[in-house]
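Notes follow the structure.
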Amino acid sequence: MRAAGRGERGTTIPMNPSVDPKTAALLVMDFQTAVVEMFATDKEARLARTAALIEGARKAGMRVVYVVVGFRAGYPEVNPSNQVFGPIRASGRFVEGSAGTEVHAALSPKPGDVVVTKHRVSAFAGTDLEMVLRANGIDTLVLTGLATSGVVLSTVRHAADADYRLVVVEDCCGDRDDDVHRTLMEKVFPRQATVVRSAELVAALGSAK
């Protein structure tokens with residue numbers, strides 16, 4: 001890994017990021033139709049960048065894991081007092097198989113990809129993600145997702161404590177609060193992860209083949 005440079009918005013990013021596709025997994029988190037629609041700005045560009053990253057990961061032989069939020073009918077997984085998920089339970093949204101819960105069509109899973117369903121913010125909380133990663137010898141996670149202050153932050157914290165090597169793809173994440181996104185990418189995530197841009201990582205994966 002070469003010395004770090006500065007991104008367009010001041011984000012610290014490495015030059016020529018190095019990831020071994022054989023021991024890495026790309027996590028595509030909460031890119032569901034209903035979630036994507038909550039992000040009015042940069043939506044199409046973010047989807048295009050993420051689609052290119054997914055394709056690059058597949059070509060390099062990297063495991064692609066989709067993480068989606070979903071609940072059984074009646075929401076047996078949700079305590080009504082939960083400040084995040086209680087309102088979702090009351091609204092009737094995100095029941096498994098209902099409109100809006102599917103992965104956005106621009107990023108649809110393909111045969112061989114893994115889909116993990118979660119009931120909390122973190123991709124790890126109450127899911128079999130850890131089992132899938134360990135079974136496949138994964139020690140490096142490449143993180144994309146919506147929102148930066150939600151699933152990405154929670155998953156970074158858990159994965160760092162579990163001793164995974166972490167790469168966060170800054171322009172394949174998004175938050176409705178740009179200042180929060182920028183603060184996390186510039187000041188918080190670099191303490192536990194390498195923060196990169198998608199084009200650099202796609203190029204690195206291409207040269208790794």
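For the single chain, residues carry numbers from 1 onward in sequence order. Note that the structure is predicted; figures quoted are calculated from it, not measured.
Using a 3.5 Å distance cut-off with no hydrogens or angles, the side chains of Q32 and Y66 do not pair a donor with an acceptor.
Rounded to the nearest 0.5 Å, atoms CG (D175) and CG (L184) are 7.5 Å apart. The distance from atom CZ of R157 to atom CZ of F189, rounded to the nearest 0.5 Å, is 8.0 Å. For the atom pair CZ (R165) and CG (D139), the distance works out to 8.0 Å, reported to the nearest 0.5 Å. How far CZ of F71 is from NE2 of H119: 7.5 Å, rounded to the nearest 0.5 Å. From H181, atom NE2 reaches atom SG of C173 across 6.5 Å, with rounding to the nearest 0.5 Å. Atom OG1 of T23 sits about 11.5 Å away from atom CG of N136, to the nearest 0.5 Å.
Checked for salt-bridge contact, R49 and D42 meet the test: a charged N lies under 4.0 Å from a carboxylate O. Salt-bridge annotation for K118 and D30: present, with a side-chain N of the basic residue lying under 4.0 Å from a carboxylate O of the acidic one. Looking at K110 and D113, no side-chain N of the basic residue comes within less than 4.0 Å of a carboxylate O on the acidic one, giving no salt bridge.
At least one side-chain heavy atom of V115 sits under 4.5 Å from a side-chain heavy atom of V68. The shortest distance between side-chain heavy atoms of E186 and V195 does not fall below 4.5 Å. Taking the side chain as every heavy atom from C-beta outward, V114 and V64 never approach each other to under 4.5 Å. Using a 4.5 Å heavy-atom cutoff, the side chains of N79 and R89 are not in contact. Within the 4.5 Å cutoff, no side-chain heavy atoms of V151 are placed close to those of S122. Side-chain contact check for V121 versus F85: some heavy-atom pair is nearer than 4.5 Å.
Remark: E102 engages T33 in a side-chain contact (heavy atoms from CB on, under 4.5 Å) (not counting sequence neighbours). With sequence neighbours excluded, the residues that form a side-chain hydrogen bond (donor to acceptor under 3.5 Å, both in side chains) with E77 are R72.
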Could you check Q192 against Y164 for side chain to side chain donor-acceptor pair (under 3.5 Å), going step by step and ending with a plain yes or no? CA-CA 10 Å; Q192 296 177 299; Y164 286 97; over 6 Å; no
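A parallel orientation is assigned to the rings of H158 and F124, their planes being inclined by less than 30° (bins at 30° and 60°).
With hydrogens and angles ignored, the 3.5 Å screen pairs a side-chain donor or acceptor of T148 with a backbone N or O of G174. Put simply, the side chain of R63 gets close to the backbone of G112: a donor and an acceptor are under 3.5 Å apart.
If you run side-chain contact (heavy atoms from CB on, under 4.5 Å) between V156 and each of V188, D161, L166, only L166 comes through.
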Determine all donor-acceptor pairs shorter than 3.5 Å in which one atom belongs to a side chain in residues 140-147; sequence neighbours excluded.
from	atom 1	to	atom 2	distance (Å)
T144	OG1	L27	O	2.9

